[in-house]
Amino acid sequence: MSWENNVRRVVPYTPGEQPKVSDIVKLNTNENPYPPAPCVQKILDNFDNARMRLYPDPNAEILVNALAETYHVKPNQIFVGVGSDDVISMAFLTFFNSERNILFPDVTYSFYDVWADVYKIPYQTVPLTEDFRINPDDYKIPNGGIIFPNPNAPTGVLESLDMIEEILRANPDSVVMIDEAYIDFGGVSCLPLLEKYENLLVIQTFSKSRSMAGMRIGFAIGSEKLIKYMNDVKFSINSYTMNHLTLLCGAETLKDAEYFKSSTGKIIETREQAKKKLSELGFVFPDSKSNFIFASHPDYDAGKIFQKLKERKIFVRYWNKPRINQHLRITVGTPEEMQKLFSALEEILAEGQ
Ligand SMILES: *Cc1c(COP(=O)(O)O)cnc(C)c1O
């Protein structure tokens with residue numbers, strides 16, 4: 001017997017690299033290339049550090065109220081956390097608590113199986129179709145809950161509200177979570193379905209479309225019942241997840257709808273240009289409605305391209321995993337960053353295998 005027999009052992013999630021060197025082109029973790037809304041800087045400049053002495057508001061009211069106003073729901077329909085990773089982890093802990101398998105796609109956000117493992121939640125992955133689509137019929141089996149991102153990651157594929165509703169209709173006895181981390185880049189949110197489905201939880205984040213990955217703000221919107229259950233679990237673990245500064249910056253950025261629209265608009269435009277350029281270079285990819293493109297090249301090994309880009313200080317994301325080991329996930333950066341990527345790819349492809 002050793003204390004080590006009783007350790008909760010897990011294989012952790014591997015986040016994308018955050019290289020410490022400068023002058024790199026960083027297209028590997030779906031960060032936003034533009035700064036947060038200018039009003040956020042004013043909050044930082046005016047913050048009085050004497051406030052640090054006090055605990056923050058455990059109900060995160062200023063942020064919750066701002067979100068309620070922005071998304072036209074009641075404040076008690078909103079749960080906030082330290083990035084949507086924290087929110088989704090809390091949601092797993094709260095709602096995935098049966099003997100039955102929870103379901104998610106085989107190709108998806110690689111944190112889901114990690115949370116399932118750490119919380120000892122049984123799960124079953126559901127293969128996407130050849131072209132990386134979700135077949136709703138696959139989700140009409142007994143289950144302990146359902147989660148997938150829309151658009152999906154790392155594929156960028158957006159599914160329709162009709163498809164999501166079909167899954168909801170077939171699963172009144174499960175909590176269905178839709179992870180909308182990338183919905184602001186041209187997708188249609190399933191928030192309107194909340195009116196009809198008490199068991200729907202929609203999760204979003206400030207990390208991508210609102211340029212605040214470093215601030216760590218995520219939120220879930222659902223029925224008052226779902227949110228109450230999540231808060232009960234949260235207040236049983238850590239009441240003070242959101243700090244003063246985060247609450248203020250988060251609430252403030254929601255006021256600048258114009259900036260939000262223009263910066264997501266720029267990314268969408270750059271993405272559409274990138275699709276054209278990548279096609280010209282011979283890459284193929286499912287149509288993306290996110291801030292990244294999941295591309296493969298019929299004549300070149302993705303792992304090798306990944307390495308050669310890295311040697312040129314251009315970072316994209318690559319997984320040596322079944323089904324996706326010939327793909328690169330390329331975050332949409334500024335037009336200048338994308339130009340550097342295209343020039344490097346031209347060189348690499350010219351070198352041959
Ligand atoms: C980035 C991402 C998240 C989590 O982002 P946070 O920074 O924790 O808010 C969640 N789901 C998917 C699919 C993501 O890509």
Side-chain angles (χ1 to χ4, degrees), residues 12-18 26-33 36 60 63 67 78-93 96 102 104-116 118 125 128 132 134 146-159 164 176-187 189-190 201-221 230 234 241-243 246-247 249-250 253-254 264 267 271 286 288-294 316-319 321 324 327-333:
Y13 172 75
T14 319
E17 243 182 299
Q18 295 292 346
K26 194 169 179 308
L27 306 174
N28 68 334
T29 54
N30 296 345
E31 288 144 330
N32 195 310
L63 177 60
L67 282 165
I78 294 180
F79 178 91
V80 295
V82 186
S84 54
D85 286 340
D86 179 42
V87 174
I88 302 168
S89 151
M90 281 292 132
F92 270 50
L93 189 57
F96 295 164
I102 63 161
F104 47 83
D106 62 339
V107 177
T108 195
Y109 189 36
S110 47
F111 225 138
Y112 299 154
D113 57 347
V114 176
W115 286 312
V118 72
T125 57
L128 295 176
F132 295 131
I134 289 175
I146 293 169
I147 181 163
F148 56 86
N150 193 44
N152 196 6
T155 63
V157 174
L158 180 79
E159 298 290 354
I164 290 172
V176 176
M177 303 179 191
I178 308 297
D179 178 353
E180 293 190 334
Y182 301 101
I183 200 67
D184 298 323
F185 300 105
S189 170
C190 67
L201 190 71
V202 184
I203 299 139
Q204 293 194 9
T205 175
F206 283 45
S207 294
K208 279 77 182 222
S209 56
R210 296 187 189 274
S211 307
M212 290 173 83
M215 254 319 185
R216 313 305 299 128
I217 307 175
F219 59 101
I221 306 185
M230 283 187 78
K234 179 202 120 164
T241 53
M242 312 298 285
N243 66 65
T246 303
L247 290 173
C249 290
T253 195
L254 290 170
T264 49
I267 290 168
R271 176 188 73 206
S288 168
K289 291 283 184 199
S290 62
N291 69 338
F292 55 84
I293 296 172
F294 196 51
V316 298
R317 193 87 191 261
Y318 171 72
W319 290 272
K321 282 191 181 175
I324 59 170
H327 283 78
L328 299 171
R329 192 198 64 189
I330 303 165
T331 303
V332 176

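Order of listing sets the numbers, starting from 1, for every ligand and every atom in it.
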**OP:** May I ask you to test the T125-F104 pair for a side-chain heavy-atom distance under 4.5 Å?
**Re:** yes
Original post:
For the atom pair CD1 (I178) and SG (C190), what is the distance rounded to the nearest 0.5 Å?
Top reply: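 The CD1 atom of I178 sits 5.0 Å away from the SG atom of C190.
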Original post:
Which atoms of ligand 1 sit under 4.0 Å from any heavy atom of G83?
Top reply: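 Checking each atom against G83, I get 8 (O), 9 (O).
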**OP:** Report yes or no: does a heavy atom of N30 sit under 4.0 Å from some atom of ligand 1?
**Re:** no
Subject >> Y182 heavy atom under 4.0 Å from ligand 1 >> reply: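 It does; at least one heavy atom falls under 4.0 Å.
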Shortest protein contact, [atom] (heavy atom only):
atom                   : result
atom 8 (O) of ligand 1 : R216 NH2, 2.8 Å
atom 5 (O) of ligand 1 : S84 OG, 3.3 Å
atom 2 (C) of ligand 1 : K208 NZ, 2.4 Å
atom 7 (O) of ligand 1 : S207 OG, 2.6 Å

Original post:
With a 4.0 Å heavy-atom cut-off (strictly under), which part of D179 contacts ligand 1: side chain, backbone, both or neither?
Top reply: side chain
Original post:
So, Y13 versus Y109, ring centres under 6.0 angstrom or not?
Top reply: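 Yes, close enough.
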Subject >> Nearest non-hydrogen partners of S207 and R216, listed with the distance >> reply: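 For S207 and R216, the tightest heavy-atom pair comes out as OG-NH1, 3.4 Å.
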Original post:
Going by atom types only, do K208 and T205 share a side-chain donor-acceptor pair under 3.5 Å?
Top reply: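 No, no side-chain donor-acceptor contact under 3.5 Å.
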Subject >> Between N30 and Y182: side-chain donor-acceptor atoms closer than 3.5 Å >> reply: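 Note: N30 and Y182 side chains meet the donor-acceptor criterion.
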